[in-house]
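Below is one structure; the comments refer to it alone.
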2 protein chains.
Amino acid sequence: MSNTARVCECLYVHTDAIEQVKAKLPEDETLFELCDLFKLFGDATRIKILYLLFEKELCVCDIASLLNMTQSAISHQLKVLKNSKLVKFRREGKVVFYRLSDNHVKTIIAQGMEHLAE
Amino acid sequence: MSNTARVCECLYVHTDAIEQVKAKLPEDETLFELCDLFKLFGDATRIKILYLLFEKELCVCDIASLLNMTQSAISHQLKVLKNSKLVKFRREGKVVFYRLSDNHVKTIIAQGMEHLAE
DNA sequence: TTATCATATGAACAACTGAACATATGAAAG
DNA sequence: CTTTCATATGTTCAGTTGTTCATATGATAA
């Protein structure tokens with residue numbers, strides 16, 4: 001093998017290049033949090049709920065009607081989004097209104113849409 | 001509680017809000033594409049692979065070594081990323097080098113990281 | 001040709017996920 | 001108090017997903 005030729009590191013695992021790349025990889029804990037975040041966006045029902053909340057706060061029943069799904073299914077997903085701090089809620093009598101927690105949700109989804117457009 | 005087929009049993013639906021919001025929801029096809037995109041980022045192995053490719057192109061074996069996983073597992077995930085146009089590859093003899101397709105991957109992941117930081 | 005190396009692929013399986021269903025909770029009205 | 005309505009939750013279950021294992025493919029060298 002010549003010195004300039006790139007060789008697969010299968011037999012030479014500890015090269016400088018490998019160590020260099022490895023150094024830039026975030027902690028496992030961070031990466032798990034990151035992919036947990038993206039998992040939230042990786043479901044059609046949840047994406048739709050978040051999209052609906054772009055416009056204004058909505059109650060559980062509004063969302064269920066809009067998406068033509070059961071109240072139970074929506075409530076379960078709202079719980080997931082709530083636990084992940086992506087949505088907040090306020091109670092008004094028997095009705096619970098949900099809204100987006102912050103603008104990151106919009107930005108992330110917008111970025112995804114932009115990717116699709118190309 | 002006999003009619004289980006009913007979608008939403010609520011009587012108090014915010015009709016005006018629903019009409020306003022419904023108009024802004026994208027097509028189902030678009031939403032499915034969008035959540036399919038985010039599904040790709042919703043797995044720790046794939047996120048790690050993409051992160052590694054931030055730095056430089058790597059062959060399958062490099063990635064397997066870096067992540068301490070089997071060549072088969074990496075190859076399967078690279079196929080998923082390849083099919084989704086998130087990575088490209090070039091062959092050099094027996095070795096196949098993978099790289100990111102474009103900058104959207106970086107931007108989307110960066111946006112996710114920014115969300116975590118707050 | 002045959003051997004070897006890097007990668008790809010098919011099958012099998014366990015773990016995870018999301019919706020349906022039944023039921024529980026909590027708030028307001030009667 | 002009891003009833004009713006909006007929402008929450010526990011369980012079940014089918015469908016999906018990611019890894020492992022075995023094997024195939026494709027390129028290079030002997």
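A, B, ... follow the sequence lines: proteins, then strands. Residue 1 opens every chain.
- In this structure, Ile63(B) places its CD1 atom 15 Å from P of dA6(C), rounding to the nearest Å.
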Side-chain atoms of residues 68-81 of chain B: list all donor-acceptor pairs with protein atoms under 3.5 Å, sequence neighbours left out, distances to 0.1 Å.
from, atom 1, to, atom 2, distance (Å)
Thr70(B), OG1, Ala73(B), N, 3.1
Gln77(B), OE1, Arg46(B), NH1, 2.9

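- Atom-to-atom, CG of Asn83(A) to P of dT17(C) comes out at 14 Å; the value is rounded to the nearest Å.
- Contacts classified as salt bridge (charged side-chain N to carboxylate O under 4.0 Å, His left out) and involving residues 69-78 of chain A (residues at least two apart or in different chains) are not found.
- Taking a 6.0 Å sphere around NZ of Lys39(A), one finds it holds more than 12 heavy atoms contributed by other residues, nucleotides or ligands.
- The side-chain tip of Lys24(B) does not point at the ring of Tyr51(A) from less than 6.0 angstrom away and within 45° of straight on.
- Rounded to whole Å, the distance from CG on Asn68(A) to C1' on dA19(C) is 14 Å.
- OP1 or OP2 of dA6(C) has not a single side-chain nitrogen or oxygen of Tyr98(B) nearer than 4.0 Å.
- Between Ile18(B) and Ser65(A) there is a side-chain heavy-atom pair separated by less than 4.5 Å.
- Not a single donor-acceptor pair under 3.5 Å links the side chain of Arg90(A) to the backbone N or O of Glu92(A).
- Note on residues 96-112 of chain A: no pairs pass side chain to side chain donor-acceptor pair (under 3.5 Å), not counting sequence neighbours.
- Listed by chain and residue number, nothing satisfies the salt bridge (charged side-chain N to carboxylate O under 4.0 Å, His left out) test with Glu33(A) (two or more places apart in sequence, or in another chain).
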(message) For nucleotides 10-23 of chain D, give me one character per nucleotide, 5' to 3': B if any protein heavy atom sits under 4.0 Å from the base, S if the only such contacts are to the sugar-phosphate, - if neither.
(response) B-------SSBBB-
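- Taking atom CG of Leu78(B) as the reference point, atom C1' of dT9(C) lies 13 Å away to the nearest angstrom.
- Summarising the geometry, the separation between CZ on Phe89(A) and C1' on dA8(D) is reported as 11 Å, rounded to the nearest angstrom.
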Could I get a table of every N or O pair under 3.5 Å where one atom is in the protein and the other is in nucleotides 1-4 of chain D?
none

